[in-house]
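See structure below.
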Number of protein chains: 2
Amino acid sequence: MTVRCGSGDHPEHDVYAALCPGREVLEALSGKWSALAIGALEAEPQRFTHIQRRLQGVSPKVLTRTLRQLEQFGFLTRTVIPAVPVRVEYALTELGRGAAQPLAQLRTWVETNMDSVRFQGQTEIGPTQRIH
Amino acid sequence: MTVRCGSGDHPEHDVYAALCPGREVLEALSGKWSALAIGALEAEPQRFTHIQRRLQGVSPKVLTRTLRQLEQFGFLTRTVIPAVPVRVEYALTELGRGAAQPLAQLRTWVETNMDSVRFQGQTEIGPTQRIH
DNA sequence: CGGGATCCCATATGATACTG
DNA sequence: CAGTATCATATGGGATCCCG
């Protein structure tokens, strides 16, 4: 069964708890390519190569791992279509479509707020100064 | 100025583009502790130790790096309050409060859908079979 | 109290080439 | 087409100890 991790009184899941399995899920969805991959499948199922072209810069190896991980959690399905050459289709599950929503909002937020983000260099700080 | 990365016709930012600076931002918000850290500051500014206690399991070094990174992008501010001992307060900026929303939705989605997530092991696959 | 300095490791990510 | 194999690198993350 699923481990719960509510803090104290209520039994709900709480990603702030160290042992909450939700952390794994959050990390899976937070991978460098996860949000993009899920977004690529929002409209309709897609084949490997299509996804790879969409996520500009991803290597086949990394994309494979990303997709397999998402599949393991049940966010998407991988279907091999017998044909020559073979076709493999990735499609979001019901769960995946659910996760796709907050992820899409995150992507959209980033895109629409890019101009407010600061890209300046380091904030030099050094050791915290003591007051004498 | 800010680099744009719209695909083709429109000039908007597009995180699917390889050179889009939005990718950095998305990654910054996708760090293992980023979403949790920002969430910890949603209600009100907090001190380092408080945040550390909230994010169960984070080491001081990693938390420091997480916060500094978020500060660099302008998501939060770090204020040293002259006192003995020194107090350092972290507070979300306007930008940070904006980012906090989609992140909160993501956390909430994960927490409320944990029971639907599959935690079973690997999907054994092996090399894709060829059709003869 | 709020970190910095170090050391260390796992693993995520990458580039490239090759194959069923 | 849809990967796997290999090699290489980075760096995020962690543990510990120390400091002003």
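Quick note on labels: first sequence line is chain A, next is B, and so on, each numbered from 1.
- An OP1 or OP2 oxygen of C/dG3 is reached within less than 4.0 angstrom by a side-chain nitrogen or oxygen of B/Arg68.
- In this entry the distance linking CD of A/Gln52 with P of D/dC1 reads 10 Å, nearest Å.
- Cation-pi check for A/Arg118 over B/Phe73 is not met; the charged atom does not lie both under 6.0 angstrom from the ring centroid and within 45 degrees of its normal.
- In this structure, A/Trp33 atom CH2 and C/dT11 atom C1' are separated by 17 Å, rounded to whole Å.
- Look at B/Arg78 and you'll find a side-chain N or O under 4.0 angstrom from OP1 or OP2 of C/dG3.
- If you check every strand for non-hydrogen atoms under 4.0 Å, B/Arg65 touches a base.
- Dashed line: the shortest gap from a side-chain N or O of A/Thr49 to OP1 or OP2 of D/dA2 is under 4.0 Å.
- D/dG12 atom P lies 14 Å from atom CG of B/Leu29, rounded to whole Å.
- Between A/Arg47 and D/dC1, a side-chain N or O to OP1/OP2 separation shorter than 4.0 Å is absent.
- Rounded to an integer number of Å, the gap from CG of B/Leu63 to P of C/dA5 is 17 Å.
- At whole-Å resolution of the value, NZ in A/Lys32 and C1' in D/dT9 are 13 Å apart.
- Put simply, the side chain of A/Ser34 gets close to the backbone of A/Ala28: a donor and an acceptor are under 3.5 Å apart.
- When rounded to the nearest whole Å, the span between CD of A/Glu71 and C1' of D/dA2 equals 14 Å.
- In this structure, the nucleotide among D/dG13, C/dG3, D/dA2 sitting nearest to the side chain of B/Val88 is C/dG3.
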Could you tabulate the donor-acceptor pairs under 3.5 Å formed by side-chain atoms of residues 35-50 of chain B, not counting sequence neighbours?
residue, atom, partner, partner atom, Å
B/Glu42, OE1, B/Arg107, NH2, 3.3
B/Gln46, OE1, B/His50, ND1, 3.1

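- For A/Val62, whose side chain is taken as the heavy atoms from C-beta onward, the closest listed nucleotide among C/dA15, D/dG3, C/dT13 is C/dT13.
- Taking only side-chain atoms of A/Tyr90, from C-beta outward, the nucleotide of C/dG2, D/dG3, D/dG13 with the closest atom is D/dG3.
- Nearest-nucleotide assignment on DNA chain C puts the 5′-proximal partner with A/Gly31, out of A/Gly31 and A/Pro60.
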